[in-house]
J.: 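Dumping the structure here so I can ask a few things about it.
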Amino acid sequence: MPHFTSTRGDAASVSFEDALLRGLAPDGGLFVPETIPSLAPAGEEDDSFPERSARVLTPWLADEIASEALRAITADALDFPVPLVPLAEGRDSGLGSVHVLELFHGPTLSFKDVGARVMARCMAHFMKGRNDKLTILVATSGDTGSAVADGFAGQPGVEVVLLFPEGQVSPVQERQLVAQRPGVQALAVDGPFDDCQRLVKEAFQDEELSSALLLSSANSINVGRLLPQMLYYVWAAEQFDEEVLFCVPSGNLGNLTAGVLAARSGLPVRRFLAAHNTNDFFPRFLEGGPNEFAESERTLSNAMDVGAPSNFERLHGLLSEEELRATIWGASVSDEATLQAMRRVYDATGYVADPHTAVGLEAVRRYRRATGGEKTPAVVLSTAHPAKFPAVVEDALGFEPDAPDRLAALWGEDPYSEPLAPTLEALRGKLLP
Ligand SMILES: *Cc1c(COP(=O)(O)O)cnc(C)c1O
């Protein structure tokens, strides 16, 4: 059974439970598996996503989570559809065989529900044996906050405190953040996102808080999100009789790292496409550019506005520079090209893509052109529901996308959040009894 060690090599190897509850390795690195188990073959009864997923996680976790408990975790966490939608082949679309893997049918309508829900249930599982309560502290400006809040809501032994910048998230995102949930406290910080992040960092380093509370985090560097994100790669790839191309709309590179982990465990993948917006550190690196992060800039696909991808260190720990360049092809897509891709795909196939998915669809088109029309079937991971970005869809297509009932219902609820001054003193006041 794999143990986890730090990308920086200065920390002892730990169990999954320790890596999960700690988040970051003690030497400041990211936890990576010491060994990668081979992909478990599908069993007779593995005909649903949660069943297949429990089987895939077994060689990783069986020493720490018994088989029955693991199956209960995936059944409860992955209780929504993950459809693989083939796009009709439009003659002028230049798209060939393209499939969209819709990862946005969970409660908060982004792929982050998958990782957050499995992670929350694993944490609750480990907290069961302890006479203690875990406090998850998250700074958020986008999809992570609502996925984590929803994923952890009502889990025994775990509480969530969300910090978001007041007035600086989109109306849909704000509604999703301030929905009332058991065991979740939403704090509207009077300051920008950077203040939220700084407060969380300070809280982790504060002696008074860390002696009174068991604090943990839930961002994309946590291995608790990484392992479950392998599951849909396996689920999708096994629906084909041949190797596929996975195209991953990317920001912090957590999703792509999970795909690489699945491939390292034996999943047949022809190649990965890293689809970025104009925050293009990684595509430039793949083309031989410098290993230097940049400031982030704002784009229409805002969940990917990351100048310094936190999972780059882990991805680079799994694959050498040469292997990275051989395995992954990168693309950087401007806002203008994103809107054009949304229009092109809608006109050719009637499919409404959100801006993040559109960056992926455009990357596939460019890859096919660059490789002279390589015929490998492409699977684009669709990371968000278009209804999360009504203004961008309206701009591109001239109409607002249909919103699922659970999103529309949020406007009928009483929102709940408390104001917070951007100081550690104020945060202590909220967290300590
Ligand atoms: C978080 C997010 C991404 C980027 O995922 P990473 O794992 O950070 O690369 C892409 N699209 C959407 C909609 C997201 O919320």
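FYI, side chains are in, hydrogens and waters are out, and symmetry mates aren't considered; it's all heavy atoms of this structure. In listed order, ligands and their atoms are each counted from 1.
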J.: Could you check whether E242 pairs with R270 (Lys NZ or Arg NE/NH1/NH2 to Asp/Glu carboxylate O, under 4.0 Å)?
T.: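 Judged by the 4.0 Å cut-off on N to carboxylate O distance, E242 and R270 do not form a salt bridge.
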
J.: Does a salt bridge link K388 with D354, judged by any charged N lying under 4.0 Å from a carboxylate O?
T.: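 So K388 does not pair with D354 through a salt bridge.
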
J.: What does the N/O contact table under 3.5 Å look like for ligand 1?
T.:
{"unit_1": "ligand 1", "atom_1": "7 (O)", "unit_2": "G254", "atom_2": "N", "d": "3.2"}
{"unit_1": "ligand 1", "atom_1": "7 (O)", "unit_2": "N255", "atom_2": "N", "d": "2.9"}
{"unit_1": "ligand 1", "atom_1": "8 (O)", "unit_2": "N252", "atom_2": "N", "d": "2.8"}
{"unit_1": "ligand 1", "atom_1": "9 (O)", "unit_2": "G251", "atom_2": "N", "d": "2.8"}
{"unit_1": "ligand 1", "atom_1": "9 (O)", "unit_2": "N252", "atom_2": "N", "d": "3.3"}
{"unit_1": "ligand 1", "atom_1": "9 (O)", "unit_2": "L253", "atom_2": "N", "d": "2.9"}
{"unit_1": "ligand 1", "atom_1": "11 (N)", "unit_2": "T383", "atom_2": "OG1", "d": "2.8"}
{"unit_1": "ligand 1", "atom_1": "15 (O)", "unit_2": "K112", "atom_2": "NZ", "d": "2.6"}
{"unit_1": "ligand 1", "atom_1": "15 (O)", "unit_2": "D143", "atom_2": "OD2", "d": "2.5"}

J.: Taking only residues two or more places apart in sequence, or in another chain, which ones meet D195 in a side chain to side chain donor-acceptor pair (under 3.5 Å)?
T.: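 Per chain and number, D195 pairs via side chain to side chain donor-acceptor pair (under 3.5 Å) with R198.
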
J.: Has K375 got more than 12 heavy atoms of other residues, nucleotides or ligands less than 6.0 Å from its NZ?
T.: no

J.: Check this for me, if you would: do R284 and E287 make a salt bridge, where the nitrogen-to-carboxylate-oxygen distance has to be below 4.0 angstrom?
T.: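 No, R284 and E287 are not salt-bridged.
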
J.: Look at the side chain of T144 and the backbone N and O of T140, then say whether any donor-acceptor pair between them is shorter than 3.5 Å.
T.: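 Checking the backbone N and O of T140 against the side chain of T144, no donor-acceptor pair under 3.5 Å is found.
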
